[in-house]
Amino acid sequence: MDDPSPKGRVILVGAGPGAADLLTMRAVRALASADVVVHDGLVSPDIMALIPPAARRIGVAKRRARHTLPQDQIGALLVAEARAGNIVVRLKGGDPFIFGRGGEEVVACQAAGVPVEAIPGISAANGASASLLLPLTHRDHASIVSFVAGECRGLADQDWAGLAGKGRTLVIYMGLAGAMAIADKLMADGLAPETPVAVIERATQAGERMVTSLLADLGDLVAREAIESPALIIVGAVATLPAKALALAKEIPCPVY
Ligand code: SAH
């Protein structure tokens with residue numbers, strides 16, 4: 001039966017890219033208050049460990065090609081749990097509103113009259129950027145940064161013209177499987193085959209890895225290095241900065257104290 005008390009509500013919480021200490025304090029507080037946590041497949045074990053033992057956990061794994069619950073059923077689940085009087089934390093990798101389908105869940109809650117709020121998370125691009133000392137903008141290299149979804153499905157219909165190139169950084173989420181097609185698409189749009197690229201696997205998590213190359217080699221690079229999901233592709237001059245910084249650091253002898 002529905003609980004007439006106003007306690008039931010939904011909190012969309014951004015879990016960040018993996019490391020538990022990259023959660024916001026507000027996210028940690030929300031997790032501590034949860035009666036139910038509805039989580040997807042990208043949330044790391046360190047973060048799952050912060051869920052109170054008494055809270056119920058409901059997994060709605062969202063990995064590529066392995067959707068266990070369709071989006072409308074996730075919305076219905078959030079609404080039903082909140083109407084039963086629960087504080088429902090919807091825990092999502094990264095930020096809920098960057099390729100997180102948070103917008104659809106907000107609409108589902110609002111349509112049902114269930115109070116809903118969102119707590120931001122560090123998106124994979126920001127986590128990767130900080131972890132690898134790879135600035136997404138830089139006065140000498142890029143003053144525009146774009147985030148795009150590189151899923152194979154619908155790639156041909158997406159208009160990325162002008163998003164990559166001189167003075168611009170393009171961050172591609174979900175682009176691993178389509179890496180070859182993405183490189184072809186960008187080059188067909190006029191991007192130079194020599195444009196630098198970086199692929200960052202498991203940013204901020206154990207086993208984090210970055211490999212770099214040139215756009216024409218992107219598809220081969222992903223295959224050669226056996227890059228696995230989750231990974232980001234970064235296209236633009238900023239992709240060369242971590243290697244340059246490392247080379248510079250090697251030239252400068254460390255001060256001895
Ligand atoms: N809402 C999330 C993105 C979800 S889409 C966010 O804001 O980060 C899932 C995609 O995010 C993955 O396919 C991958 O491209 C990227 N991603 C998520 N976590 C990542 C990580 N730790 N390292 C690299 N890429 C990651």
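The first residue of the sequence shown is numbered 1, and numbering continues consecutively from there. Because the structure is predicted, anything quoted here is derived from the model rather than measured.
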Check: Pro17 main-chain N/O paired with Gln205 side-chain donor or acceptor under 3.5 Å: yes
Flag if over 12 foreign heavy atoms under 6.0 Å of CZ, Arg26: no
List the atom pairs, with distances to 0.1 Å, where a side-chain N or O of residues 213-221 and a protein N or O form a donor-acceptor pair under 3.5 Å, not counting sequence neighbours.
from	atom 1	to	atom 2	distance (Å)
Ser213	OG	Asp217	OD2	2.6
Asp217	OD1	Arg224	NH1	3.1
Asp217	OD2	Arg224	NH2	2.8

Verdict with supporting geometry, Glu208 and Arg202, salt bridge (charged side-chain N to carboxylate O under 4.0 Å, His left out): CA-CA 5 Å; Glu208 173 185 85; Arg202 301 179 64 87; over 6 Å; no
From Leu163 atom CG to Arg168 atom CZ, the distance as rounded to the nearest 0.5 Å: 8.0 Å
Contact check, side chains of Ile74 and Arg90, non-hydrogen atoms, under 4.5 Å: yes
CD1 on Ile227 to CD on Glu201, rounded to 0.5 Å: 5.0 Å
Heavy-atom pair of closest approach, residues Ile234 and Ala239: O-CB, 4.2 Å
Trace of the side-chain contact (heavy atoms from CB on, under 4.5 Å) decision for Thr204 with Ser131: CA-CA 6 Å; Thr204 82; Ser131 188; 4.2 Å; yes
Enclosure of Glu228 CD (heavy-atom neighbours >12, cutoff 6.0 Å): no
Val36 reachable from Val60 in the ILVMFWY side-chain graph, under 4.5 Å edges: yes
Rounded distance (nearest 0.5 Å) linking atom CG of Asn86 with atom CZ of Arg56: 5.5 Å
Main-chain N/O of Ala27 paired to Thr24 side chain as donor or acceptor, under 3.5 Å: yes
Value rounded to 0.5 Å, distance of CZ in Phe99 from NZ in Lys92: 13.5 Å
Interatomic spacing from CD in Gln110 to CD in Glu105 - rounded to 0.5 Å: 12.5 Å
Joint cluster assignment, Met210 & Phe147, ILVMFWY side-chain distance < 4.5 Å: yes
Within one Ile-Leu-Val-Met-Phe-Trp-Tyr cluster: Met174 and Leu176, side-chain cutoff 4.5 Å: no
Validation row: Ser146, Val171 side chains within 4.5 angstrom (heavy atoms): no
Flag side-chain contact, heavy atom, 4.5 Å: Ile172 against Val235: yes
Minimum-distance pair of heavy atoms, taken over all atoms of Pro115 and Gly8: CD-O, 3.7 Å
Min side-chain heavy-atom separation Thr212-Val197 under 4.5 Å: no
Exercise: identify the closest heavy-atom pair between Leu134 and Ala198: CD1-CB, 4.3 Å
Pairwise side-chain contact, Leu191 with Lys166, heavy-atom cut-off 4.5 Å (strictly under): no
Flag, side chain of Asp35 to backbone of Ile87, donor-acceptor distance under 3.5 Å: yes
Test item: Ser33 side-chain N/O and Ala30 main-chain N/O as donor-acceptor pair under 3.5 Å: yes
Derivation of the side-chain contact (heavy atoms from CB on, under 4.5 Å) call for Leu77 and Ile58: CA-CA 10 Å; Leu77 172 68; Ile58 305 176; 3.9 Å; yes
Beyond-backbone contact of Leu12 with Val106, side-chain heavy atoms, under 4.5 angstrom: yes
Between side-chain atoms of residues 41-55 and protein atoms elsewhere (two or more places apart, or another chain), which donor-acceptor pairs fall under 3.5 Å?
from	atom 1	to	atom 2	distance (Å)
Ser44	OG	Gly18	O	2.6

Co-membership, hydrophobic cluster, residues Val238 and Val199, 4.5 Å side-chain: no
Sidechain-backbone polar pair: Lys185 side chain, Leu155 backbone, donor-acceptor under 3.5 Å: yes
Straight-line distance of Ile11 CD1 to Leu78 CG, nearest 0.5 Å: 11.5 Å
ILVMFWY cluster, Leu23 and Ile122 together (side-chain gap under 4.5 Å): no
Side-chain donor or acceptor of Thr169 paired with backbone N/O of Leu136 under 3.5 Å: yes
Note, His138 side chain near Leu241 side chain (heavy atom, < 4.5 Å): yes
Heavy-atom closest pair, residues Leu232 and Ala128: CD1-CB, 3.9 Å
Ala237 versus His141, closest heavy-atom pair with distance: CB-ND1, 3.9 Å
Heavy-atom check, side chain of Ile98 versus side chain of Tyr173, under 4.5 Å: yes
Atom of Pro96, atom of Pro120 and distance for their closest heavy-atom approach: CD-CA, 4.3 Å
